[in-house]
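Heads up: numbering here begins at 1 and tracks the sequence. Each ligand, and each atom within it, is numbered from 1 in the order the structure gives. Basis for what follows: all heavy atoms, side chains included, without hydrogens, waters or symmetry-related copies.
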Amino acid sequence: MRKLAGKKALITGSSRGVGRQIALALAEEGCELWLHSRSTAHCDSLVDELKERGVQVQVVAAELSEEAQVEALIDDVLTKTGGVDILYNNAAIMTPWREAHTTLPQDYQLSFQVNVTALVRLCDRFLPPMLERKWGRIVNVTSGIENVRELLPYSMSKAAVDRYVRDVSPSLTNTGVILSLMDPGWLRTDLGGDQAPNSVETCRPGVLVPLLLEDNAPSGQFYCAQDYREDVLPA
Ligand SMILES: NC(=O)c1ccc[n+]([C@@H]2O[C@H](COP(=O)([O-])OP(=O)(O)OC[C@H]3O[C@@H](n4cnc5c(N)ncnc54)[C@H](OP(=O)(O)O)[C@@H]3O)[C@@H](O)[C@H]2O)c1
């Protein structure tokens, strides 16, 4: 019996890139999927592919920099599901490359709205029903980016995500709800760019690891999908 069969999962930013891989991995585990992107049309090809395989799939659209759209997305999914079992907070934006001392305030503002504020709202509103049901998995996608000052609005937003997970995790001990961080690795996606060393598919099956944890596993752990690559044999 697959452990996640029948679980309802919301994956933000699942039209392409890492989110699409997460959706495909969860579909193989037998989950009922809620896909998300800025427009439902962006998920059309994935929906067709999943429906051909008999997967139950719904699509929701929201621009995550718009507070009202974030709340409407959450209201919609909560009304239709009563609460999801799995929340994969994957959507994020990369900020423009800026030479030292030229970063604009709006780079920080937009990055934090999409990558942090929306993510935290999703966590805060989907956590209570998970706690009531005594089961849930939330994975916040972070990044291993380091020492790239030209992309500070992006890396600082990920640092804020890491801090949210660190500070909320102690309150989840022995609740059945597990909050984790996932770094997919540097991958060739629209966000990662053509120079990235890894194909997007290499984030599977690692993206599933924090979802398959036993109920007594700790929250607050950091997982790197590249550590679980099936094409790299241990030395
Ligand atoms: N790729 C890498 O090398 C890498 C490395 C470390 C961490 N990550 C993290 O992995 C996650 C996924 O990255 P990715 O490379 O797969 O990115 P991607 O290919 O650019 O895909 C981004 C996804 O997020 C959605 N999205 C973008 N901006 C949005 C907004 N303002 N409002 C709502 N949805 C929005 C997109 O939907 P639309 O189709 O509607 O645009 C799309 O589904 C991110 O959290 C990223 O920080 C990636």
Side-chain angles (χ1 to χ4, degrees), residues 10-25 33-47 50 57 59-74 76-77 87-97 106-123 138-148 151-162 164-165 180-204 206-207 210 222-227 229:
L10 169 62
I11 309 136
T12 66
S14 36
S15 55
R16 53 196 165 95
V18 175
R20 189 170 183 282
Q21 295 301 316
I22 296 168
L24 290 168
L33 302 184
W34 290 77
L35 306 180
H36 157 266
S37 67
R38 289 176 293 179
S39 157
T40 55
H42 295 178
C43 293
D44 279 353
S45 68
L46 179 56
V47 169
L50 291 169
V57 55
V59 188
V60 282
E63 165 56 61
L64 296 182
S65 63
E66 296 287 335
E67 193 183 318
Q69 290 194 35
V70 175
E71 299 304 322
L73 155 71
I74 298 169
D76 187 23
V77 178
L87 169 62
Y88 224 115
N89 269 317
N90 163 77
I93 53 165
M94 174 58 81
T95 47
W97 186 269
Q106 51 266 41
D107 295 334
Y108 287 99
Q109 200 174 6
L110 189 59
S111 177
F112 273 71
Q113 276 168 340
V114 175
N115 299 357
V116 183
T117 311
L119 173 146
V120 166
R121 280 301 289 164
L122 283 149
C123 289
I138 299 182
V139 184
N140 290 340
V141 177
T142 186
S143 170
I145 190 169
E146 266 185 344
N147 302 329
V148 187
L151 297 175
L152 270 172
Y154 172 76
S155 54
M156 286 171 66
S157 75
K158 292 300 187 182
V161 170
D162 296 352
Y164 174 86
V165 170
S180 306
L181 289 164
M182 167 58 66
D183 171 14
W186 188 15
L187 312 173
R188 290 184 293 277
T189 64
D190 294 333
L191 185 149
D194 296 341
Q195 302 306 312
N198 305 299
S199 72
V200 70
E201 291 82 9
T202 59
C203 69
R204 286 165 68 181
V207 292
F222 169 87
Y223 300 90
C224 183
Q226 296 299 310
D227 292 343
R229 279 175 68 155

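Of the polar atoms of Val114, none of the N or O atoms is found under 3.5 Å from an N or O of ligand 1, judged by distance alone. Considering backbone and side-chain N/O atoms, Asp183 never comes within less than 3.5 Å of an N/O atom of ligand 1. Inclusion of Ala91 in the set of residues having an N or O under 3.5 Å from an N or O of ligand 1 is not warranted.
Of the listed options Ala92, Gly19, Gly17, Ala92 places a heavy atom closest to atom 22 (C) of ligand 1. Of the listed residues (Thr189, Asn89, Asp190), the one carrying the non-hydrogen atom nearest atom 14 (P) of ligand 1 is Thr189. Relative to atom 30 (C) of ligand 1, the option among Arg38, Gln69, Gln195 with the closest non-hydrogen atom is Arg38. Selection from Val141, Thr142, Asn115 by nearest heavy atom to atom 7 (C) of ligand 1 gives Thr142. Proximity annotation for atom 42 (C) of ligand 1: of Ala61, Pro197, Ser15, Ser15 comes nearest, heavy atoms only.
Protein heavy atom nearest atom 16 (O) of ligand 1, with residue, atom name and distance: Val18 N, 2.7 Å. Protein heavy atom at the shortest distance from atom 18 (P) of ligand 1 is Arg16 NH1, 3.6 Å. Of the protein's non-hydrogen atoms, the one nearest atom 12 (C) of ligand 1 is Asn90 OD1, 3.1 Å. Counting only heavy atoms of the protein, atom 32 (N) of ligand 1 lies nearest to Leu64 N, 2.9 Å. If you check which protein heavy atom lies closest to atom 25 (C) of ligand 1, you get Gly13 CA, 3.7 Å. What sits closest to atom 47 (O) of ligand 1 on the protein, heavy atoms only, is Tyr154 OH, 2.5 Å. Regarding atom 28 (N) of ligand 1, its nearest protein heavy-atom neighbour is Ile93 CG2, 3.3 Å. When only non-hydrogen protein atoms are considered, atom 31 (N) of ligand 1 lies nearest to Glu63 OE2, 2.7 Å.
In this structure, CG in Leu122 is found 5.5 Å from CG in Leu87, a value given to the nearest 0.5 Å. Note that the CG atom of Asn140 and the CG atom of Asn90 stand 10.5 Å from one another [nearest 0.5 Å]. Distance CD/Glu66 to CG/Leu73: 13.0 Å, rounded to 0.5 Å.
Atoms of ligand 1 lying under 4.0 Å from any heavy atom of Ser14, numbered from 1 in the order shown and given with element: 43 (O). Those atoms of ligand 1 that come under 4.0 Å of a heavy atom in Ala62, given as number and element, are 32 (N), 33 (C). If you number the atoms of ligand 1 from 1 as listed, the ones under 4.0 Å from a heavy atom of Trp186 come out as 3 (O). With ligand atoms numbered from 1 in the order given, ligand 1 contributes 1 (N), 2 (C), 3 (O) to contacts under 4.0 Å with heavy atoms of Gly192. Remark: ligand 1 atoms within the under-4.0 Å shell around heavy atoms of His42 are 38 (P), 39 (O), 40 (O).
For the side chain to side chain contact (heavy atoms under 4.5 Å, CB included) with Leu35, the lone residue among Ile22, Val60, Leu50, Leu10 that qualifies is Leu50.
The two atoms that bring Ala23 and Leu33 nearest to each other are O-CD1, 3.4 Å, heavy atoms only. In terms of heavy atoms, Arg188 sits closest to Ala196 at NH1-O, 3.0 Å. Minimum heavy-atom separation, Ala118 to Val70: CB-CG2, 4.0 Å. Closest non-hydrogen pair, Thr40 versus Ala61, comes out as N-CB, 3.7 Å. Minimum interatomic distance between Ile138 and Cys123 (heavy atoms only, all atoms of both residues): CG2-SG, 3.9 Å.
Counting heavy-atom neighbours within 6.0 Å of Glu67 CD, excluding the residue itself, gives a total of 12 or less. Annotation for Gln106: atom CD counts as buried by contact number, over 12 foreign heavy atoms lying within 6.0 Å.
For Asp162 and Thr142, the side-chain atoms include at least one donor-acceptor pair closer than 3.5 Å.
Residue Gly185 places a heavy atom less than 4.0 Å from ligand 1. Using 4.0 Å as the threshold, Gln21 has no heavy atom nearer than that to any atom of ligand 1. Within the 4.0 Å heavy-atom cutoff, His36 counts among the residues contacting ligand 1.
If you look at Lys158 next to ligand 1, the close heavy atoms, those under 4.0 Å, all belong to the side chain.
With a 4.5 Å cut-off on side-chain heavy atoms, Trp34 and Val59 do not count as touching.
Identified under the side-chain hydrogen bond (donor to acceptor under 3.5 Å, both in side chains) test for residues 11-22, with sequence neighbours left out: Arg16-Asp190, Arg20-Glu49, Gln21-Arg204.
Between the side chain of Tyr88 and the main chain of Val207, a donor-acceptor pair closer than 3.5 Å is present.
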